[in-house]
4 protein chains.
Amino acid sequence: MIEFHLEKRTGVAPYMQLVHQVKQALRLGLLQPGEQLPTVREVVSKVAINPNTVSKAYRELEHEGLVESRPGIGTFVKKSLVNSSPDLQEALRHELLQWLYKAFEADLDSEDIAALFANTLRQFQKEEKPTHTS
Amino acid sequence: MIEFHLEKRTGVAPYMQLVHQVKQALRLGLLQPGEQLPTVREVVSKVAINPNTVSKAYRELEHEGLVESRPGIGTFVKKSLVNSSPDLQEALRHELLQWLYKAFEADLDSEDIAALFANTLRQFQKEEKPTHTS
Amino acid sequence: MIEFHLEKRTGVAPYMQLVHQVKQALRLGLLQPGEQLPTVREVVSKVAINPNTVSKAYRELEHEGLVESRPGIGTFVKKSLVNSSPDLQEALRHELLQWLYKAFEADLDSEDIAALFANTLRQFQKEEKPTHTS
Amino acid sequence: MIEFHLEKRTGVAPYMQLVHQVKQALRLGLLQPGEQLPTVREVVSKVAINPNTVSKAYRELEHEGLVESRPGIGTFVKKSLVNSSPDLQEALRHELLQWLYKAFEADLDSEDIAALFANTLRQFQKEEKPTHTS
DNA sequence: GTGGTCTAGACCACG
DNA sequence: GTGGTCTAGACCACA
């Protein structure tokens with residue numbers, strides 16, 4: 001079962017954070033078709049958020065065809081977003097963890113790391129796929 | 001000179017994106033104290049954004065003591081945010097790039113990668129510093 | 001509840017006047033931590049000012065850690081700025097009022113009085129604390 | 001000869017500060033008709049301000065008929081703004097100084113005092129002249 | 001030309 | 001109904 005976490009201050013709308021987290025979990029295979037999302041009440045009890053906001057997030061996900069709400073029962077995953085084999089992903093994750101250790105030992109804090117990653121990924125994308133954004 | 005880029009759709013307020021990008025550049029040493037940020041009008045001419053929004057971002061940065069705006073002249077970097085030596089950072093970036101290549105070869109797209117990174121960093125943080133942020 | 005008043009013509013930015021008035025009230029204990037500031041819309045309905053301008057003032061105060069805005073609820077005082085006991089302050093105010101009466105009887109108008117006060121306070125400060133603000 | 005002082009951060013336009021200070025001096029009799037204001041260059045050499053800004057202030061004062069500029073010579077006071085006898089004013093100033101001492105001994109800082117004064121004067125005005133601001 | 005400010009009016013996220 | 005944000009367009013003070 002996915003566990004939500006909200007970060008205030010980021011300026012990202014809470015409902016968007018939930019949507020994003022579900023999508024992430026779908027991409028990583030942490031959430032499989034058929035699996036149930038926590039009920040609105042469960043989320044509320046754990047994350048300090050307004051029920052309406054949770055509902056809005058679920059509605060958004062349903063609108064995108066990723067989940068399905070069965071009234072009175074709950075919300076269920078409808079579609080997967082995994083692109084690669086779990087094994088490959090696990091291997092990549094393992095290497096990434098090692099890299100993270102190094103970064104931490106080099107005295108970079110989480111935000112430094114995030115900045116470095118964002119910047120490098122961006123640079124990588126530019127090189128990799130110079131898609132014409134006419 | 002830093003170059004801004006806006007990503008609509010993310011749900012993140014444009015002015016926050018600018019703030020974030022400046023902070024990132026400061027962390028990566030791409031922006032040094034004394035250096036000038038592009039003028040509001042320059043940003044506007046390149047990024048399709050309202051001058052007020054850019055001003056808002058710059059003002060936010062000024063409030064945080066990171067930049068200083070000198071009316072009639074421009075906005076300048078006041079404080080650095082670099083934590084580690086450029087060499088170390090470069091080494092880390094290099095390794096990260098290699099990892100990114102692998103990930104791409106494993107058919108993960110940018111969003112998969114971002115999801116994997118976010119998830120792994122989060123997991124890493126939990127293990128590393130279980131600080132109680134009561 | 002604090003009541004704002006704007007003075008055009010002074011050349012002081014309206015949002016700064018609001019900021020100043022809140023700070024004054026905080027110094028005088030007229031505004032206590034936990035107390036709510038009038039909502040943006042309330043201010044607008046009474047003071048002939050643009051909502052954005054009020055927001056700007058409130059945001060400035062929030063940046064200084066004096067108030068806290070809770071979206072969807074309102075803006076609340078977070079920190080006090082009182083330096084002296086209410087009794088002492090009241091005594092001083094009483095004496096000051098008597099002085100004001102005398103000044104008025106001497107045919108000084110408000111602006112004369114303000115000028116005299118500003119000038120005397122300035123002179124007083126010079127004598128009292130010749131701090132070198134190099 | 002009047003001595004100007006600029007306070008950044010107040011949000012008051014520098015040229016307005018100069019205008020204001022001249023008016024104050026006129027009200028207090030510190031500047032008499034016929035007396036010369038410092039030349040633009042003199043002001044610039046002491047106050048870190050742009051010559052244009054000083055000129056603007058003087059122009060404003062001339063426009064209000066308070067001073068007169070004699071090209072090539074200087075700017076001279078044309079009109080007085082004193083309302084009361086110097087003796088009376090001196091007496092009031094003396095009493096005010098004593099009040100200021102008390103206030104300082106009561107641990108109020110300059111800004112507290114200014115706040116208290118502004119607030120009390122305002123309250124006083126309300127009582128004294130309930131002029132119809134229809 | 002630079003940043004700073006204001007108004008007007010609009011939409012959004014949240015409670 | 002609350003604050004938060006954005007756009008559009010305008011004027012000002014300053015270098």
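Note that these values count all heavy atoms, side chains included, but never hydrogens, waters or copies made by symmetry. Reminder, nothing fancy here: chain letters follow the sequence lines and each chain counts from 1.
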Can you tell me how far apart NE2 (B:His20) and CZ (B:Phe4) are? Round to the nearest 0.5 Å.
12.5 Å
If you measure from CZ on B:Phe76 to OH on B:Tyr58, what distance do you get to the nearest 0.5 Å?
11.0 Å
Residue pairs passing the side chain to side chain donor-acceptor pair (under 3.5 Å) test where at least one lies in residues 64-79 of chain D, sequence neighbours excluded:
D:Lys23-D:Glu64
What pairs of residues pass the salt bridge (Lys or Arg N to Asp or Glu O under 4.0 Å) test when at least one of them lies in residues 26-37 of chain B, not counting sequence neighbours?
A:Asp109-B:Arg27, A:Glu111-B:Arg27, A:Asp112-B:Arg27
By side-chain contact (heavy atoms from CB on, under 4.5 Å) - contacts of D:His63 (at least two apart):
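For D:His63 there are no side-chain contact (heavy atoms from CB on, under 4.5 Å) partners, ignoring immediate neighbours.
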C:Pro38 or D:Met16: which one's nearest nucleotide on DNA chain F is closer to the 5' end?
C:Pro38
Identify, between C:Lys8 and A:Ala13, the residue whose nearest nucleotide on DNA chain E lies closer to the 5' end.
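This one resolves to C:Lys8.
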Ignoring backbone atoms, test whether C:Thr53 places a side-chain nitrogen or oxygen under 4.0 Å from the OP1 or OP2 oxygen of E:dT7.
yes
Are OP1 or OP2 of F:dT2 and a side-chain N or O of C:Ser69 less than 4.0 angstrom apart?
no
Considering non-hydrogen atoms only, spot the tightest contact between A:Leu18 and A:Ala57 and give its length.
CB-CB, 3.7 Å
Measure all distances between protein nitrogen or oxygen atoms and nitrogen or oxygen atoms of nucleotides 9-12 of chain F, and list the pairs falling under 3.5 Å.
residue, atom, partner, partner atom, Å
F:dG9, O6, B:Asn52, OD1, 3.4
F:dG9, O6, B:Asn52, ND2, 3.0

Starting from P on F:dA8, measure out to CD1 on B:Ile49 and report it in whole angstrom.
11 Å
Name all residues meeting the side chain to side chain donor-acceptor pair (under 3.5 Å) criterion together with B:Thr39; count only those two or more places apart in sequence or in a different chain, and write none if there are none.
none
For DNA chain F, please output the secondary structure as dot-bracket, reading 5' to 3'. Pairs are Watson-Crick or G-U wobble, both atom distances under 3.5 Å; mark crossing pairs with [ ], other-strand partners with |, unpaired with a dot.
||||||||||||||.
Any donor-acceptor pair under 3.5 Å from A:Thr53 side chain to A:Ile49 backbone
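Looks like no, no N/O pair under 3.5 Å.
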Nearest to the C:Thr39 side chain among E:dC6, F:dG3, E:dT2, which nucleotide is it?
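Looking only at side-chain atoms, C:Thr39 lies closest to F:dG3.
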